[in-house]
Amino acid sequence: MSDFHNRSQVSARRSDYIWQYEYYEDEEPVSFEGLKAHRYSIVIGFWVGLAVFVIFMFFVLTLLTKTGAPHQENPESGEKRHRPEGCLVDISGHQDDNDKAFSRPLLEGSRSYFNFYISEEDQAHEKQKLEDKRSAAKDKAGRLQRSAELDEMDEDIEGGGGHQPLNGLIEKSKSDRECAFLSHFSIPNFVNLDHGSTLGEDDLLYEPSVILERESQAHNGHCDTH
Amino acid sequence: MEAVCSLKRIKGGRKARRLFELLWFEHGAGTYLSCIGIRQDAAMNQTGCPEVKVPFPVFFTVGIVSLAENLLVVVAVMRSRNLHSPMYCFMCSLAAFNTIASVTKTWENLMIVLADAGHLERRGPPETDLDDVMDSLLCMSFVGSISSFLAIAVDRYITIFHALRYHNIMTMQRTAAILGLIWTSCAVLAVLMVKFFNFKFIVICFIVFFVVSLAAICFLYVYMFMMARIHAKNIAALPGGGRDKSHHQRRWGSNMRGALTLTILFGAFVVCWAPFFVHLVIITVCPMNPYCECYRSLFELHVVLMMSHALIDPAIYAFRMAELRHTFRKMLFCSDWKFCL
């Protein structure tokens, strides 16, 4: 109160003050008498609820990883399904605009993916193909640069990026069989979700298959000139 | 010479006329009680919940660091040619909104410091107009950053679930149109909200918008996460697919990391934004309640939380992308700027 007194001394010397009392409301001040619970009970309740929500969400997410995937389809039967041609045709037009959005590693990754699918028809290399599939998927997933933590999530999905050496496989598949297999080249569904999925025909295929299409056209041209 | 001595009941102001006016005036609560003739019942209620004050250096530090980070993201995306894709454009928009918020908040703090020191008059017409402008900018940046989060979540959703048609669905023209729509609607909404804040309807709209965006973002990310896990399980279940222990352990570790990533992303959003919006709810619903008043006394802490979200946003969105990090390195450590980019 003393410095109010001091200031009142100072301000009393000025005679031309306009006094304005502004109240937000004319009602009585909020009384803190007779509170049953603690004063900050809303604050505490809010923060406890928020923490519980975040932890609950984390546990729900980890549980989803354990109980997901209702049943796994037979991969061989899935691979023989053909994607309709129309799905691949309409996206080729806009590729040139977005080319600069993809860095080179993505193309290299998809090249190995492409070569993997070329070798798919060969029955003798089926086991090798399956290993290729996984490593190509890891490769591709590790290099997808479109989505930040989904990028990381994909790397996580594929097991933390344990890339197997692809170079030998790439060389093998490139040299002999490329042109020969292009004529009966088909892109199967890579991952089959369960039948109850509501996603329809949009499976979780990534854009390397787009680049596969273009590369197949390029290779067609290349093979035709030989 | 005329002076206006206005006595304002700041602490315990039950019906805030203007949300950001509270912010403006609550900082300098002490300087208001320098007029004589203060009635006893108009003085601060000392038995209630005292206002929690956040020191100015904290505001300034948070503001300046978040400004630097977000400006870096904006400049990097604009200058680098290979970052001109929809995903990066949305992140650039988010960083731009955060930049505006940081600048405005830091400027407002500066003005409050000056006003407390006596160099500025709080109720003069230029100051209140400036206050209006700053409130509008803050509002715009809040609404805009929430919209940008929503746009990023939708873009990631389309990336995952419509991967083959992504380039047809999300062309650069559509991206530009979406961003233009977001910016204009945020500007219009901000001006409307600040002009008509007295209507409860506006506050309710604000709160509803926040809750709906939160629910949409939560749904999109959890759905993407679920499908990604199913995908992973399908891949791992291919025949001949290494059922050894180490593979299982690696998968468990990677699953935990994915869940942790999502929790951080969503948890940071909720933790930073929810207190402020609960504050809005409380000033609408229970202005007279003492418990509510104790919640309202923590207003400055909640604003600091919101500002810190602008600070950690680049860390959880932009800096996790390898392409952007690479561009930063080139920008910051390259000696000849014109040659580098």
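This structure is a prediction, so every number in the text was calculated from the model and none was measured. Every chain is numbered from 1 and lettered A, B, ... according to where its sequence line falls, protein lines coming before strand lines.
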Top contributor to chain A interface from Ile152(B), Leu324(B), Leu260(B), Val222(B) [non-hydrogen pairs under 4.5 Å]
Leu260(B)
What is the minimum heavy-atom distance between Val54(A) and Gly267(B), and which atoms define it?
CG2-CA, 4.3 Å
Are side-chain heavy atoms of Tyr291(B) and Lys36(A) found at a separation under 4.5 Å?
yes
With side chains defined as the heavy atoms from C-beta onward, is the minimum distance between Trp47(A) and Val271(B) less than 4.5 Å?
yes
NE2 (His302(B)) and CZ (Phe46(A)) are apart, to the nearest 0.5 Å, by 6.5 Å
Which value, rounded to the nearest 0.5 Å, describes the distance between Ile264(B) atom CD1 and Phe58(A) atom CZ?
9.0 Å
Examine whether an atom of Ile282(B) lies under 4.5 Å from a heavy atom of chain A, and if so say whether it belongs to the side chain, the backbone or both; otherwise answer neither.
side chain
Side chains of Phe266(B) and Phe53(A): closer than 4.5 Å at any heavy-atom pair?
yes
side-chain contact (heavy atoms from CB on, under 4.5 Å) assessment of Cys294(B) paired with Ile42(A)
CA-CA 8 Å; Cys294(B) 284; Ile42(A) 286 190; over 6 Å; no
